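This report refers to the structure that appears directly beneath it.
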2 protein chains.
Amino acid sequence: MIELRQFRQFVAVAEELSFRRAAERLHMAQPPLTASIRKLETELGTTLLERTNRVERLTPAGRVFLEEARRALAQAERAIRDARRAGEGLIGSLRLTFVASSAHSLLPQLIRSFRARHAEVALDLQEASTAQQVQALQMDRADLGLVVLPLADPHGLTVVPLVRDSLVVALPGGHHLARRRKVALAELSREPWIRFPARYGPGLHSRITAACAAAGFVPQVVQEALQMETIVGLVAAGLGVAVVSPAAADRERHDIGFRPLVGPGTPIGYDIALAYPRATPVVEAFVALARSAAADRPK
Amino acid sequence: MIELRQFRQFVAVAEELSFRRAAERLHMAQPPLTASIRKLETELGTTLLERTNRVERLTPAGRVFLEEARRALAQAERAIRDARRAGEGLIGSLRLTFVASSAHSLLPQLIRSFRARHAEVALDLQEASTAQQVQALQMDRADLGLVVLPLADPHGLTVVPLVRDSLVVALPGGHHLARRRKVALAELSREPWIRFPARYGPGLHSRITAACAAAGFVPQVVQEALQMETIVGLVAAGLGVAVVSPAAADRERHDIGFRPLVGPGTPIGYDIALAYPRATPVVEAFVALARSAAADRPK
DNA sequence: ATCATGCGATACCCTGTTCGTATCGTGAGT
DNA sequence: ACTCACGATACGAACAGGGTATCGCATGAT
């Protein structure tokens, strides 16, 4: 059976047109090279070199073989290189799902730094609720999910908590609660609420609703809005208060204030985590990157 | 260094998803196969298979490597196959030159039968005088030439005589020489001649001129013509006689006759031969074919 | 729960191949 | 004619690849 070694050896001889120089290039002695080429010719059933006392030229078969052998060597190289790069997560694809609430702060940052280092990984991004993501991950329709904890059924999934966001309440300027350093959830029981619709980020939505129920009230929602900008605007206009992720606090202005929201004593928070069914190199690379990004991030 | 054997082994394992079955397919025992794949993974610096107790699936790197390895194997196969076929003269190219006088009888027949057996050989046909061909062959501008003997300077060329054509003289119907079985060249000394122009087949042209000189006369050329049809027509019309190759005798009609031309006793002939500087497989195949075609051919 | 089955991993040995060293034969250039 | 350079040949040593026997372990059946 003909091996790549013989390809490499023949290419060297063909390019040098000298057994001696080719042997040098291959870091081997000349006699075994001669023998190897001879064996190759026998196996091919044709002569590749026109020999006199020295190598004169290639035969037509030699010219054909040289060209095709070079291609084969290049393709073998490519196979090896690509496998290595795939092993390092440098090429391949990543089907990443994410909760809507991460789309405005955490996700863009992660995507940017991942793209910078793994430009050749094809990213397939898909927004989905945490429950949908768990299903997708378990059914091999996604590789990695950015979810809100806790997971109802984390069976077969590795879960890596990334950041704990404490919720904040957005208050209109001059609101009586705005004088406080922090606001208890129960204090919002009689305030008019502005919320994201439930279908947009059901995980976070239901967490808040559950927390309110635990505090003994049902939020009085006077308005729903999809865009963070809209919500902030409505709050600033005095229509009501809004419980939002701290990412929204970037939009601090004179006519709106953000205050930490606390439950019975402790901040009301929600954990964002990465979940995946199998640790492929690409997944591991992304997780490692996300971990360090999360560590850098001020709580 | 990674070898094709490892490619083949991995492809087998990846396709069977079982070391045992793959080993069977490869006609080897399972333990060395396991060891070989392990070594491959070490050399690649990445794992290719997800193993539990058995082979579960390919890793992303494994999928990449499988695809690229298949391509590499296919390319290696192609290299081997093409080298073999080139060695048998089944692929490649042939730069064939030929004298104009062969273009109407011998050449087409050779080309046809060569093409039938060597369809994938690229034929590069070029008409040239014998002297030009000799030069082209010696300067590696042609691989094989169909020439008229003798060669002035056959240095470095192998010459294979193919056929000896005896010249014939074409006579108008009713011409006084038409009653003869054969005609001596000297008898044409006072006849009006119709000839090919000298630039069209100088080899044969000069042979005839030389033969006339040896017979003590210079042909009285009343008309030159390029096409065999034209010459035959002019002879039939009684304008003169023409010395032509016997291939023209196919055009025998009631108003024209063809008679063998003899010198002092012997037929005046000319030898057509193949000449080549190097015996490549394609050249050898063509020469072998031409020899057997010439042998079959009635003199 | 226990046991049988099947698969891959490990341990060990052997054979064939491949490479290195030494040397020879032979054309080409001086 | 002689020398030089190159490829071919001969032979020995090291190694890698493959074979056999066996183990550990997960899965599925009883």
Side-chain angles (χ1 to χ4, degrees), chain A residues 1-44 46-59 61-62 65-66 69 73 76 80 155-156 277-278, chain B residues 1-44 46-59 61-62 65-66 69 73 76 80 155-156 277-278:
Chain A
M1 193 104 325
I2 297 175
E3 291 296 333
L4 283 182
R5 180 176 36 78
Q6 293 167 284
F7 281 54
R8 286 187 271 265
Q9 290 171 339
F10 173 72
V11 169
V13 172
E15 284 177 356
E16 299 287 344
L17 282 176
S18 156
F19 277 85
R20 192 162 292 277
R21 283 196 300 274
E24 214 169 295
R25 208 170 98 178
L26 295 164
H27 306 296
M28 66 185 290
Q30 166 261 317
L33 179 57
T34 296
S36 184
I37 297 292
R38 226 169 231 310
K39 195 180 160 212
L40 174 63
E41 289 181 322
T42 305
E43 284 169 318
L44 287 176
T46 185
T47 165
L48 299 171
L49 300 168
E50 283 187 29
R51 303 164 167 81
T52 56
N53 203 24
R54 61 196 67 221
V55 176
E56 282 301 321
R57 64 172 69 78
L58 300 181
T59 63
F65 190 65
L66 173 60
L73 287 171
I80 292 166
H155 193 75
R278 292 202 309 275
Chain B
M1 194 105 323
I2 297 175
E3 291 296 333
L4 283 182
R5 179 176 33 78
Q6 293 168 282
F7 282 54
R8 287 186 272 265
Q9 291 171 339
F10 173 73
V11 169
V13 173
E15 285 177 356
E16 299 287 345
L17 282 177
S18 156
F19 278 85
R20 192 162 293 277
R21 283 197 300 275
E24 215 168 294
R25 207 170 99 178
L26 295 163
H27 306 296
M28 67 185 289
Q30 167 260 317
L33 179 57
T34 296
S36 183
I37 297 291
R38 224 168 235 308
K39 194 180 161 212
L40 174 63
E41 289 181 321
T42 305
E43 284 169 318
L44 287 177
T46 186
T47 164
L48 299 171
L49 300 168
E50 283 187 31
R51 304 164 166 83
T52 56
N53 204 23
R54 63 196 66 222
V55 176
E56 282 300 320
R57 63 171 69 76
L58 300 182
T59 63
F65 190 65
L66 174 60
L73 287 170
I80 292 166
H155 193 74
R278 291 202 310 276

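Model, not experiment: these values are computed from the prediction. The chains referred to below are lettered A, B, ... by the order of the sequence lines, with proteins before strands, and numbering in each begins at 1.
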Check: Does any donor atom in the side chain of E24(A) or Q30(A) lie under 3.5 Å from an acceptor atom in the other side chain?
Finding: no
Check: What heavy-atom pair brings Q6(B) and M1(B) nearest, and what distance separates the two atoms?
Finding: OE1-O, 3.9 Å
Margin query: Can you confirm whether L66(A) sits close enough to F7(A) that some side-chain heavy atom of one is under 4.5 Å from a side-chain heavy atom of the other?
Written below: no
Notebook entry, point to check: side chain to side chain contact (heavy atoms under 4.5 Å, CB included) with T52(A): which residues, sequence neighbours excluded?
Noted result: R54(A), E56(A)
Next item on the list: Could you check if a side-chain atom of L4(A) sits within less than 4.5 angstrom of a side-chain atom of I2(B), using non-hydrogen atoms only?
Entry: no
Next item on the list: Nearest-nucleotide wise, let me know which of E56(A) and T34(B) is further upstream toward the 5' end of DNA chain C.
Entry: T34(B)
Next item on the list: Return the value, rounded to whole Å, for the distance between atom CZ of R38(B) and atom C1' of dC7(C).
Entry: 14 Å
Notebook entry, point to check: Side chain of S36(B), backbone of P32(B): donor and acceptor closer than 3.5 Å?
Noted result: no
Notebook entry, point to check: Among all residues two or more places apart in sequence or in another chain, which pass the side-chain hydrogen bond (donor to acceptor under 3.5 Å, both in side chains) test with R57(A)?
Noted result: E50(A)
Item checked: DNA chain C contacts made by residues 46-55 of chain A, counting heavy atoms under 4.0 Å -> N53(A)
Next item on the list: Would you mind checking if E3(B) and R8(A) are paired as a salt bridge, meaning a charged N to carboxylate O distance below 4.0 Å?
Entry: yes
Next item on the list: Go through the steps for F10(A) and L58(A) under the test side chain to side chain contact (heavy atoms under 4.5 Å, CB included), then give the verdict.
Entry: CA-CA 11 Å; F10(A) 173 72; L58(A) 300 181; 4.2 Å; yes
Note to self: Quick check for you: name the first and last nucleotides of DNA chain D, 5' to 3', having an atom under 4.0 Å from a heavy atom of chain A.
What the structure shows: dC6(D) to dA10(D)
Checklist line | Listed partners of P277(A) passing side chain to side chain contact (heavy atoms under 4.5 Å, CB included), at least two apart | finding: L137(A), L157(A)
Check: Looking only at heavy atoms, what is the nearest atom pair of L33(A) and Q9(A), with distance?
Finding: CD1-CB, 3.6 Å
Note to self: Just to verify, what does A35(B) make a side chain to side chain contact (heavy atoms under 4.5 Å, CB included) with, not counting sequence neighbours?
What the structure shows: none
Side-chain donor/acceptor pairs under 3.5 Å, residues 12-20 of chain A, sequence neighbours excluded:
unit_1, atom_1, unit_2, atom_2, d
E15(A), OE1, R25(A), NH1, 3.2
E15(A), OE1, R25(A), NH2, 2.8
E15(A), OE2, R70(A), NE, 3.2
E15(A), OE2, R70(A), NH2, 3.0
E16(A), OE1, R21(A), NE, 3.3
E16(A), OE2, R25(A), NH1, 3.0
S18(A), OG, R20(A), N, 3.3
S18(A), OG, R21(A), N, 3.1

Enumerate the protein-to-nucleotides 2-4 of chain C contacts in which both atoms are nitrogen or oxygen and the separation is below 3.5 Å.
none

Check: Residues in side-chain hydrogen bond (donor to acceptor under 3.5 Å, both in side chains) with R51(A), at least two apart?
Finding: E41(A)
Margin query: For a quick check, with a 4.0 angstrom heavy-atom cut-off, what is the B/S/- contact string for nucleotides 16-22 of chain C, read 5' to 3'?
Written below: --SBBBB
Checklist line | Which residues share a side chain to side chain contact (heavy atoms under 4.5 Å, CB included) with A61(B), sequence neighbours left out | finding: A86(A), T46(B), L48(B), T59(B)
Next item on the list: Enter the inter-axis angle for the ends of the helix from dA1(C)-dT30(D) to dT30(C)-dA1(D) (five pairs per end, rounded to 10°).
Entry: 30°
